[in-house]
Amino acid sequence: MEIDRIENKALVEIMGKVRESGTEQNMIELLKQVAGATLLVPVDGDEGSYSFHAVADKDGRKYMAVYSDSDSYEVAFENKPYKQKGVTAGLADILDVVMAPKMGLDGFVINPGVENILFGKDMLKLIAQQMDIGGDDTAKVGEPDHYPPELKDKLEEYLLDNTQVSSVWVRLLKENHTEVLRWMIICETDLEGNELQYQMDTLKKFVRPYLDGLDAIVVSSKEDFSKQVIKGIKPFAGAGSN
């Protein structure tokens with residue numbers, strides 16, 4: 001199918017900056033640009049029954065392939081013996097695909113093999129919440145009435161073995177329209193990019209048995225939304241928790 005050329009100059013520029021320095025400000029600006037961009041997604045099949053391209057990391061996690069602009073898309077498929085079919089999509093469209101359980105995806109990656117800008121599934125859950133929050137107050141984050149009995153000791157144990165994470169906050173997130181509760185675990189670390197995502201995935205797997213059966217999202221304290229959630233609150237475990 002023919003698609004008008006996609007440029008996204010501001011997105012391409014900030015991805016270059018993030019590749020050089022994944023500072024908090026650069027990551028916030030990146031998220032803003034992604035949220036407002038039209039992106040390119042390679043597909044196979046016909047409309048209504050598309051299959052999407054995915055790439056896997058060394059641990060077997062699968063990420064939907066997305067491209068920032070027409071130039072990046074064409075470079076990725078220039079050596080193919082056929083013209084790769086593609087569709088345009090916004091962030092909301094991509095979230096719908098990635099978050100669907102049947103897809104078995106762990107997130108999406110922009111420009112795989114080049115910039116490799118990775119958005120893991122736990123972070124996408126938080127982004128989805130932020131997209132819903134606004135005037136309708138569809139989700140709240142706050143102090144639980146109690147914590148699982150083993151959680152603090154287990155988190156302290158984790159921090160002793162994983163010194164790259166210094167502190168952890170634990171809050172409770174509730175979706176008002178469904179009443180679904182999830183733990184929101186916020187970790188303080190200097191890790192960035194894939195190393196940060198790996199650490200958050202590892203922490204989630206470690207802590208899952210001690211969460212009273214609730215699901216959890218694990219995010220970095222560097223995220224703008226995380227800063228709002230933990231402002232003025234002592235960490236639950238680690239440095240500053242006493």
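Quick note: residue numbers are just sequence positions, from 1.
- The 12-atom threshold is not exceeded at CG of D190, counting heavy atoms of other residues, nucleotides or ligands nearer than 6.0 Å.
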| query | Where do R171 and I233 land on the side chain to side chain contact (heavy atoms under 4.5 Å, CB included) test, with the steps shown first? | reply | CA-CA 10 Å; R171 313 300 286 163; I233 298 170; 3.4 Å; yes
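- A salt bridge links E157 with K154: at least one charged nitrogen is closer than 4.0 Å to a carboxylate oxygen.
- Of all heavy-atom pairs spanning E115 and N111, the tightest one is OE1-ND2, 3.0 Å.
- In this structure, CG on D44 lies 4.5 Å from OG on S51, to the nearest 0.5 angstrom.
- Within the 4.5 Å cutoff, the side chain of L172 has no heavy atoms near those of the H146 side chain.
- No donor-acceptor pair closer than 3.5 Å links the side chain of E150 to the backbone N or O of L211.
- Each of L11, T38, V12 was evaluated against D69; a single residue qualifies, V12, per the side-chain contact (heavy atoms from CB on, under 4.5 Å) test.
- No side-chain heavy atom of E74 sits under 4.5 Å from any side-chain heavy atom of E78.
- Using a 30° and 60° split on the angle between ring planes, Y158 and F206 fall in the tilted class, from 30° to 60°.
- Between K152 and E156 a salt bridge is recorded (basic side-chain N to carboxylate O distance below 4.0 Å).
- Considering only heavy atoms from C-beta on, P42 comes within 4.5 Å of F77 through its side chain.
- Side-chain N/O atoms of Q33 and E29 include a donor and acceptor closer than 3.5 Å.
- A donor-acceptor pair under 3.5 Å links the side-chain atoms of S167 to the main chain of A239, judged by distance alone.
- Residues L30 and I110 are members of one and the same hydrophobic cluster, defined by side-chain heavy-atom contacts under 4.5 angstrom among Ile, Leu, Val, Met, Phe, Trp and Tyr.
- The closest side-chain heavy-atom distance from V97 to M103 is below 4.5 Å.
- Hydrophobic clustering of Ile, Leu, Val, Met, Phe, Trp and Tyr side chains at less than 4.5 Å, counting indirect connections, unites V98 with F52.
- In summary, the side chains of S166 and E188 do present a donor paired with an acceptor at a separation below 3.5 Å, with no hydrogens or angles considered.
- The line from CD1 of I230 to CH2 of W169 is 4.0 Å long, rounded to the nearest 0.5 Å.
- Of all the heavy atoms in A89 and I94, the pair that sits closest is CB-CG1, 4.1 Å.
- Contact of the L151 side chain with the F236 side chain is registered, since non-hydrogen atoms from C-beta on lie closer than 4.5 Å.
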| said: Checking N162 against Q199 for the side chain to side chain contact (heavy atoms under 4.5 Å, CB included) test, could you report, in this order, the C-alpha distance in whole Å, the side-chain angles of both residues, the deciding distance, and whether it holds? | reply: CA-CA 9 Å; N162 296 268; Q199 185 68 241; 3.6 Å; yes
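- Residues Y147 and W183 have side chains in contact (heavy-atom distance under 4.5 Å, counting atoms from C-beta outward).
- Distance check: R208 CZ to D215 CG gives 7.5 Å after rounding to the nearest 0.5 Å.
- Between R5 and D71, at least one side-chain N (NZ, or NE/NH1/NH2) sits under 4.0 Å from a carboxylate O, which counts as a salt bridge.
- When all heavy atoms are compared, the tightest approach of S221 to I186 is CA-CG2, 3.6 Å.
- S226 contributes no side-chain N or O that, together with a main-chain N or O of K222, makes up a donor-acceptor pair within less than 3.5 Å.
- Between Y73 and Y67, the angle of the ring planes goes over 60°, which puts this pair in the perpendicular group of the 30/60° scheme.
- The main-chain N or O of K62 is found under 3.5 Å from a side-chain atom of D106 such that the two form a donor-acceptor pair.
- Summarising the geometry, atom CZ belonging to F119 is positioned 6.0 Å from atom CG belonging to L31; distances are rounded to the nearest 0.5 Å.
- Under 3.5 Å, the side chains of S68 and N8 contain no donor-acceptor pair of N or O atoms.
- D93 places a side-chain N or O within 3.5 Å of a backbone atom of G90 that can act as its donor or acceptor partner.
- Here the straight-line distance linking atom CD1 of I185 with atom CE of M200 works out to 11.5 Å at 0.5 Å rounding.
- Cluster annotation: L91 and V41 are assigned to the same hydrophobic cluster (Ile/Leu/Val/Met/Phe/Trp/Tyr, side-chain heavy-atom contacts under 4.5 Å, transitive).
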| task | Kindly determine whether I6 and L39 satisfy side chain to side chain contact (heavy atoms under 4.5 Å, CB included), including the steps that lead there. | result | CA-CA 7 Å; I6 303 296; L39 302 167; over 6 Å; no
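- Transitive grouping of hydrophobic side chains (ILVMFWY, heavy atoms separated by less than 4.5 Å) brings V87 and M64 into a common cluster.
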| Going through the distances and angles, do L203 and L155 end up as a side chain to side chain contact (heavy atoms under 4.5 Å, CB included)? | CA-CA 9 Å; L203 175 54; L155 283 173; 3.9 Å; yes
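- Remark: the backbone N or O of Q164 is paired with a side-chain donor or acceptor of T189 at under 3.5 angstrom.
- Contact annotation: the side chain of S72 never approaches that of V114 to less than 4.5 Å [non-hydrogen atoms, C-beta and beyond].
- When side chains are defined from C-beta on, M184 counts as touching I217, because their heavy atoms get closer than 4.5 Å.
- At least one test fails for K85 against the ring of Y50: distance under 6.0 Å to the centre or angle within 45° of the axis.
- V55 and F108 sit in two unconnected hydrophobic clusters of ILVMFWY residues. Membership requires side-chain heavy atoms under 4.5 Å apart, directly or through other members.
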